[in-house]
Amino acid sequence: MDSDSASKLPWSSAHELRDLFLKKQISAVDLSRTFLDRARDKDGDLGAFLSLDEDFILAQAKALDEKRARGQELGALAGVPITIKDNLCVRGQVTSAASKILDGFVSPYDAHVVEQIKKADGLLFGKSNLDEFAMGSSTENSGRQITKNPWNHKYVPGGSSGGSAAAVAAALLPLALGSDTGGSIRQPAALCGVYGLKPSYGRVSRFGLLAFASSLDQVGPFARSPQDLALFLEVIAGHDRRDSTSSSRARESFAEKLHPELGGLTLGLPREFFEATLDPEVAEATKTAAKTLEELGAKIVEVSLSLTKYAIPCYQILSTAEASSNLARYDGVHYGHRSSESADLGELYARSRSEGFGAEVQRRIMLGTFVLSTGFYDAYYLKAQKVRQLIREEHEQVFQKCDALLSPVSPVAGFALGERVHDPLLMYNADALTVSANLVGIPGLSIPCGFSKLGLPIGLQVLGPQWSEQRLLDIAQAYHLATDHHRRRPEGYGD
Amino acid sequence: MVTEGMLRDAAIAEKYELVVGLEVHAQLLTKTKLFCGCELQFGAAPNTKVCPVCLGLPGSLPVMNRAAFEHCLRIALAFGSEIPRFSHSDRKNYFYPDLPKNYQISQDSRCLGMGGELELIKTGKRIRIHNIHIEEDAGKLIHPEDSDRGASYVDLNRAGTPLAEIVTEPDFRALEDIEDYMETLRALLLTLGASDCKMQEGSLRFEASISIRERGAKAFGKRSEIKNLNSFKAVLKAVQFEYARQIALIESGAKATQETRLWNDRFDPSNKNDQSEWASDLARPAGSRHGEAIELNAVFALLPSDFKGRTRVMRSKEESADYRYFPEPDLKPIPISEAWKDSLAASLPELPGALMRLYTAKDGPYQLKAYHSEILVKNKELNSYFSKLIELGVTASAAANYAINQILSLIGHREYGIESVSQCPVTPEDIRSLDRAIESGRVTKNMGQSKVFAAMVAERLSGGSRGVDEIIAQGGFAAQRDEGLIRQACEEAIEKNPRAIADLKKGKGKARGALVGFVMKKTRGQAPASLVNKTLDELLAPLLESK
């Protein structure tokens with residue numbers, strides 16, 4: 001391979017890399033080395049990867065080359081390097097959720113999605129940075145490091161899957177896995193100018209995902225094109241008997257069925273989502289995108305989701321309640337960080353957890369513990385469950401009127417590192433337009449739809465009824481083919 | 001009714017009524033744990049029966065064990081509990097090193113079964129069930145005595161073991177009923193095959209909530225909850241102790257408080273160390289951990305003089321944990337269809353209380369003695385042996401006698417090495433043949449049930465296939481049918497037992513036994529008792545009339 005084609009590799013799609021590998025134009029080892037070189041070159045400053053185990057990567061690549069040499073059948077992601085958000089378990093690899101509390105924890109098993117990637121012959125390529133336990137919207141809550149936005153290093157990449165979004169945006173690899181509890185895939189995808197999909201609740205197994213809020217969490221893909229996104233979703237989706245909440249729906253071939261045809265589709269613009277949008281640039285870009293979709297044949301209607309303003313408080317109560325319980329297991333007794341200075345069991349718990357968890361995680365554990373406490377349960381948790389049900393019903397009704405909803409992903413085009421990190425309430429507002437999808441369990445896709453004056457990407461959110469991933473991918477593909485936003489590359493990474 | 005002898009002073013026992021409710025944790029009989037595929041094996045090396053799920057490792061998720069769920073559902077159906085259309089799991093949050101997730105997956109308000117009752121074997125009383133629910137067990141802490149620095153260890157083999165928790169209403173007023181309930185429940189669980197009920201392995205564990213009130217009072221007193229009760233005896237003794245302690249407390253002018261206590265059966269009120277433990281507990285605030293509000297002597301003065309054991313405060317109500325129950329989001333509610341319920345209900349065996357009624361009914365098909373009936377009801381395998389004998393045409397009373405006197409006596413007999421009825425080498429068909437041999441007079445009842453049966457056991461244990469008739473013939477066990485020989489033996493008996501004759505003449509009927517015994521000995525037990533009696537009657541009649 002000459003240096004010219006090597007320099008083209010990073011910006012190649014997953015489809016292209018797989019084809020190169022299948023046609024034996026490149027070996028998995030060479031491909032891995034190219035991406036490892038690039039990571040070494042670019043990531044020192046960017047900070048997307050939490051760990052990059054070169055031996056582990058090259059061992060996979062070598063095994064894959066041997067498999068190809070034996071003429072064995074190769075999977076849908078053959079030779080494609082993929083980074084995994086570090087709240088997903090990879091056997092034999094450090095899994096930290098970017099938290100000190102998991103110091104030294106090496107997972108003895110693979111998450112379901114990781115197994116699926118292995119079965120599809122993908123290359124597990126490092127673990128990506130996140131807000132500690134996926135709690136945050138800027139990746140600044142990482143207990144390990146800061147990740148920068150490739151488009152402007154002074155800006156946040158979004159969060160919590162900021163490492164995954166930044167890595168794909170900077171072409172450190174074509175695909176990344178994230179998780180989305182209140183917007184953690186869609187918001188960083190928007191801020192980094194890539195595609196990100198939160199699947200329907202139950203579409204992808206959560207087995208091996210370090211739980212933040214079990215009833216809201218969902219694993220999903222990042223990519224630079226709807227085609228790659230569809231391919232990746234196809235691999236990770238499907239029933240897993242180890243996750244009782246995973247759907248028994250049959251697998252679907254999203255990529256093959258991709259059909260960029262919008263004729264007959266009605267797309268709704270929820271009025272309240274635009275009221276919650278702070279930045280006129282973002283509202284403008286979203287409306288322009290809607291116009292483009294209209295020109296492509298969709299019918300645009302205005303709709304109302306009157307309960308939108310309750311989504312954030314409802315989410316805060318339910319997600320923190322679940323988190324307070326889910327994170328109880330990190331106690332210094334069985335694995336991870338244990339305080340060296342405790343005299344008795346109570347102190348061991350208190351000190352280990354105080355030392356191991358960051359401020360935001362502690363805040364949410366306390367909030368969640370409070371809302372579940374005797375005397376407060378009915379006023380908070382139970383009421384929030386009722387509100388969640390009402391929000392669900394309202395979405396069901398709105399999907400009687402339209403096939404999908406269009407809105408901004410993030411109320412702003414981006415914010416600077418350090419700008420919001422000391423103002424939790426302002427930070428929580430970053431999820432204002434995304435949390436409803438998690439409460440309702442519907443899929444949401446973030447599409448790059450323009451840039452702010454500062455040159456920061458803006459994302460368009462498409463939301464559909466449960467199990468409508470194919471429709472969302474079709475809309476994204478139609479938009480992708482009709483627009484050029486996705487062709488822009490961040491300076492310093494475009495080569 | 002207050003149990004006789006619970007307290008030294010019957011009058012004070014008459015003044016206060018005992019009120020008890022029981023919670024039972026029964027380990028459900030499954031191959032694997034409640035939420036993962038780990039094998040359940042008692043006594044395995046520590047932490048060898050574990051996986052990411054039962055270790056509560058990051059990212060692991062539970063999946064409900066269907067067999068455990070069905071066991072629990074069958075128990076609920078047996079109680080006649082109300083079954084919800086969906087079963088919901090809840091998380092019970094508390095921190096403890098043997099609980100790897102620091103929450104237990106249990107059921108709070110929407111249990112698998114609500115209400116229902118259990119009909120007791122002995123008295124036929126009905127104890128109301130508050131609820132039955134399914135939950136996972138915790139692991140086990142090990143505190144080695146020789147550990148330096150006081151290190152403790154955690155064994156998580158037991159973590160995730162499926163349990164049914166069965167909670168009664170506070171319906172018990174007497175120890176007999178508590179014992180009857182525990183025995184009936186064990187019989188039920190064994191009959192259903194829902195638990196092996198091995199107490200020594202912790203398959204059945206109890207908690208009792210105990211309060212007292214003046215007889216006639218409507219309101220319940222403040223209750224104490226006693227944990228750590230791992231045998232029937234411990235339950236009964238702890239209740240007895242609490243009854244006395246609470247009475248002593250009230251009589252002293254103090255009030256009972258709601259608290260959780262642990263039972264210690266090794267406490268000895270005459271031991272100096274134990275006395276000083278109590279004394280130091282008295283110094284602590286009442287209701288606080290280990291705090292005691294009443295003198296040792298005041299309590300033990302009420303109890304029988306040889307009473308040992310005490311309960312000790314673990315925590316008060318104020319200190320009790322807020323478990324922050326909420327719906328388990330990792331498990332979808334499980335729909336319980338009418339069809340599922342119906343098919344499980346249809347598969348339920350006769351329940352202990354009902355079976356007891358059936359067996360003992362005066363005009364019923366069995367008419368067994370209560371004593372026999374109880375043994376059968378409590379022993380599932382023996383009962384099914386009994387049922388097979390009935391199917392084979394053996395009469396009920398004979399079948400019960402064979403089952404209890406012959407078959408049950410083999411179990412645990414050192415000589416035979418038979419540990420359960422199911423291992424018994426003598427088949428119900430063998431017993432039927434033996435029964436026919438006896439009924440037809442080919443062998444005497446006595447001979448048949450002792451020597452022939454023993455020979456048959458030996459035959460079967462050694463793998464032999466000879467039938468009863470062969471064993472009788474070849475062993476020389478056949479009944480003596482020669483009336484002349486029997487008459488001869490009877491005449492000899494009368495001749496050689498003048499004292500018995502003299503006694504008989506004085507009206508001492510018992511003396512006749514000596515004559516029968518003589519004849520039996522003479523005929524090596526082969527003389528049919530009826531013939532012997534008839535002959536003796538004939539021979540004795542003239543002697544006794546001549547008086």
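So you know, we letter chains A, B, ... as the sequences are listed, proteins then strands, and number each from 1. Just so you know, these numbers come straight off a predicted model, no measurement behind them.
- No more than 12 heavy atoms of other residues, nucleotides or ligands shown are found within 6.0 angstrom of CZ on A/Arg91.
- For A/Asn326, the parts lying near chain B are the backbone and the side chain together; criterion is any non-hydrogen pair under 4.5 Å.
- For chain B, the nearby parts of A/Arg206 are the backbone and the side chain; heavy atoms of each come within less than 4.5 Å.
- Not counting sequence neighbours, B/Tyr96 has no partner by the ring pair (Phe, Tyr, Trp, His ring centres under 6.0 Å) test.
- For A/Ser244 against B/Pro62, the heavy-atom pair with the smallest separation is OG-O, 3.2 Å.
- Within residues 30-59 of chain B, the residues approaching chain A closer than 4.5 Å by heavy atoms are, in numerical order, B/Pro52, B/Val53, B/Gly56, B/Leu57, B/Pro58, B/Gly59.
- With a threshold of 4.5 angstrom between heavy atoms, A/Phe105 approaches chain B through side-chain atoms but not through N, CA, C or O.
- In B/His130, the NE2 atom is not crowded: 12 or fewer heavy atoms of neighbouring residues, nucleotides or ligands sit closer than 6.0 Å.
- For the atom pair A/Ser215 OG and B/Lys332 NZ, the distance stands at 13.0 Å (nearest 0.5 Å).
- Side-chain contact between B/Ser60 and A/Arg329: present, with at least one pair of heavy atoms (C-beta onward) separated by less than 4.5 Å.
- Within 6.0 Å of CZ on A/Arg241 lie no more than 12 heavy atoms contributed by other residues, nucleotides or ligands.
- Atom NZ of A/Lys383 has 12 or fewer neighbouring heavy atoms from other residues, nucleotides or ligands inside a 6.0 Å radius.
- Only the side chain of B/Asn93 comes within less than 4.5 Å of a heavy atom of chain A; its backbone N, CA, C and O stay farther away.
- The minimum heavy-atom distance linking A/Ser325 with B/Arg91 is given by the pair OG-NH1, 2.9 Å.
- Heavy-atom contacts from other residues, nucleotides or ligands closer than 6.0 Å to CD of A/Glu347 number more than 12.
- In this structure, B/Leu331 CG and A/Thr245 OG1 are separated by 9.0 Å, a value rounded to the nearest 0.5 Å.
- In this structure, chain B has heavy atoms under 4.5 Å from both the backbone and the side chain of A/Leu210.
- Looking only at heavy-atom pairs under 4.5 Å with chain B, the residue among A/Tyr349, A/Phe376, A/Phe207 that has the most is A/Tyr349.
- Heavy-atom proximity under 4.5 angstrom to chain A picks out B/Asn102, B/Tyr103 from residues 102-109 of chain B.
- Side-chain contact check for B/Arg324 versus A/Thr369: some heavy-atom pair is nearer than 4.5 Å.
- Neither the backbone nor the side chain of A/Ala97 comes within contact range of chain B; no heavy atoms are under 4.5 Å apart.
- The contact list for residues 154-163 of chain B toward chain A, using heavy atoms and a distance under 4.5 Å, reads B/Val154, B/Leu156 by residue number.
- Within the 3.5 Å criterion, the main-chain N or O of A/Ser373 finds no donor-acceptor partner in the side chain of B/Asp322.
- Among A/Asp331, A/Leu102, A/Leu216, A/Leu88, the residue with the largest count of heavy-atom pairs under 4.5 Å with chain B is A/Asp331.
- No more than 12 heavy atoms of other residues, nucleotides or ligands sit less than 6.0 Å from atom OH of A/Tyr380.
- Neither the backbone nor the side chain of A/Leu327 comes within contact range of chain B; no heavy atoms are under 4.5 Å apart.
- In this structure, the side chains of B/Phe95 and A/Arg353 come closer than 4.5 Å at one or more pairs of heavy atoms.
- Judged by distance alone, with hydrogens and angles left aside, the side-chain atoms of A/Tyr377 form no donor-acceptor pair with the main-chain N or O of B/Phe326 at under 3.5 Å.
- In this structure, B/Lys140 places its NZ atom where only 12 or fewer heavy-atom neighbours from other residues, nucleotides or ligands lie under 6.0 Å away.
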